[in-house]
Number of protein chains: 2
Amino acid sequence: MTAMTWQAVQAEALRRIRTREWPPGARIPDEEDLARELGCARTTVNRALRDLADAGLLDRRRRAGTHVATTPVRKATFEIPIIRQDVEARGLVHGYTLLTRAMAPPDAATCRALALPGDVPLLRVVALHLAGGAPFCLEDRWINPVAAPGVEQADLSVTSANEWLVRHTAFSGGGIEFGAVAADAVQAAHLACAPGAALFEIVRTTWAGADPITAVRLTYAPGYRMKTAL
Amino acid sequence: MTAMTWQAVQAEALRRIRTREWPPGARIPDEEDLARELGCARTTVNRALRDLADAGLLDRRRRAGTHVATTPVRKATFEIPIIRQDVEARGLVHGYTLLTRAMAPPDAATCRALALPGDVPLLRVVALHLAGGAPFCLEDRWINPVAAPGVEQADLSVTSANEWLVRHTAFSGGGIEFGAVAADAVQAAHLACAPGAALFEIVRTTWAGADPITAVRLTYAPGYRMKTAL
DNA sequence: CAGTGGTCTAGACCACGGT
DNA sequence: CCGTGGTCTAGACCACTGT
């Protein structure tokens, strides 16, 4: 009975959950009992069930035991789209055009997002990504030169701002938001759609400790969808 | 040296990545070397680095060793919003109104999503979720009665369709999509916005093996954003 | 208080895939 | 081939938290 891998244990647990042999809310056997029943070490059972708990299918607490979650799927992992890869994965050629690159005081939304006063000028970089020659995504980025020294001299028409930052700054955390916005005149012009069209938007902020590095707003051409399996 | 937990090892590895002591692309020491250096078992190092690899920060291959990823953040986990919890987490009272409930042949998009022919009638359930009395989210759901026997008799005005399905069907997988759509007349009326307004939309499908159970389209009132930390 | 999950250890064998 | 990560085991102690 050496062939009991943690994947096999996990598959068996999943099967019991899905067939409702272990119905929602029910308490399932101890790690030790399961290990004995399935013919493996408790460590292996722990490894298998831990992932299911991380995925939100099980609720595990010391002393209280392990229960099947009543809300079956609560978390999903998404691949954060690296635009070039996203485009190339669709079998299209990726294009990149630098549109704007200037120091300017940030707008109100960016100030809030980066927790900065409005009178500190930031480097603003606007670029358009193309997929097979068609507009794909408009990138509107604000960079804090204090947290990214040297960026003011960087040639961002060759290396994208994203790549430059990845290579030259140390980041410690950040946030990401998804939403829908109506296209403004600038977005409409670059993304070849009507003003007011519904656009999918991703806003990302990254930080180096307490210092904001960059905020970027990605606005996708109409029809873009983000997908994943559950 | 018992106090070296895998979290501590992970934190140290993260620190080295973020401070560029281990720069992007670099090969990092063996598990065995790290274990010796940090004073813990190899298993502990493995546990710490595995999670970083899962998160996309490290690239691990047998024989080739472990390398720091050149694209730092590639995956993020999102909590799939359970609407009632989402509303209550905002400190608002959740309301639920059943609007429609009828057997009907599905529209073309739903047929494609569920891989069903268009001549099989499905149960359609449309409901409005309220947050603090204001429209929050419109739920447009199609249910396959073959995969969810008994649903035609269920009282979905008390129990939400989602809860009923969770409790009575076995699901094995599914998919989820995010996007932006312009409000149609029905959506505009129920969500108290202008027709054409940009709405955030989530489409989920769930399956029991090869049989489709349900497809649900959630359309959120303007301004809704999905957020997570990186 | 005591049962249950969380984690560490030391050792072992295996699977993959660069050299 | 053989170095490296992937995993299993048996045993141990600890940290919660419900009874």
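In what follows, chains carry the letters A, B, and so on, assigned in the order in which the sequence lines appear, proteins first and then strands, with residues in each chain numbered from 1.
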Interatomic distance where CG belongs to B:L52 and P belongs to D:dG5 [whole Å]: 14 Å

Spacing between A:N46 atom CG and C:dG6 atom C1', to the nearest angstrom: 7 Å

Whole angstrom value for the distance that separates C1' of D:dT7 from CZ of B:R60: 12 Å

Residue closer to the 5' end of DNA chain D, A:R47 versus A:A64 (nearest nucleotide): A:R47

Atom-to-atom span, CG of B:L58 to P of D:dG6 - whole angstrom: 11 Å

Aromatic ring pairing A:F136/A:Y224, orientation class (parallel under 30°, perpendicular over 60°, tilted between): perpendicular

Residue mapping more 5' on DNA chain C - nearest nucleotide basis, A:R50 or A:G65: A:G65

Positions of residues 25-37 of chain A (non-hydrogen atom under 4.0 Å from DNA chain C), listed by number: A:R27, A:D30, A:E31

Test: B:R225 cationic atom under 6.0 Å from A:F178 six-membered ring centre, within 45° of axis: no

Crowding at CZ, A:R217 (>12 non-hydrogen neighbours, <6.0 Å): no

Minimum-distance nucleotide (side-chain atoms of B:R63 versus C:dG6, D:dG3, C:dC8): D:dG3

Distance, rounded to the nearest Å, where A:R42 contributes CZ and D:dC13 contributes C1': 11 Å

Salt bridge (Lys or Arg N to Asp or Glu O under 4.0 Å) pairs, two or more places apart, involving residues 127-139 of chain A: A:E139-A:R141

Separation of atom CZ in B:R62 from atom P in D:dG5, rounded to whole Å: 11 Å

Residue A:C40, side-chain atoms from C-beta onward, closest of D:dG18, D:dT9, C:dG6: D:dT9

Residue B:T43, side-chain heavy atoms: nucleotide from C:dA10, C:dA12, D:dC2 that is nearest: C:dA10

A:T44 side-chain N/O to D:dT9 phosphate OP1/OP2 under 4.0 Å: yes

Within 6.0 Å of CZ in A:R16, more than 12 heavy atoms from elsewhere: yes

Length of the NE2-C1' vector between B:H67 and D:dG5, whole Å: 12 Å

Nearest listed nucleotide, side chain of B:Q7, among C:dT7, C:dG5, C:dT9: C:dT7

Neighbour count >12 (heavy atoms, 6.0 Å) for atom CZ, B:R84: no

Rounded interatomic separation in angstrom, taking CG from B:D59 and P from D:dG6: 10 Å

CZ (B:R60) with more than 12 external heavy atoms under 6.0 Å: yes

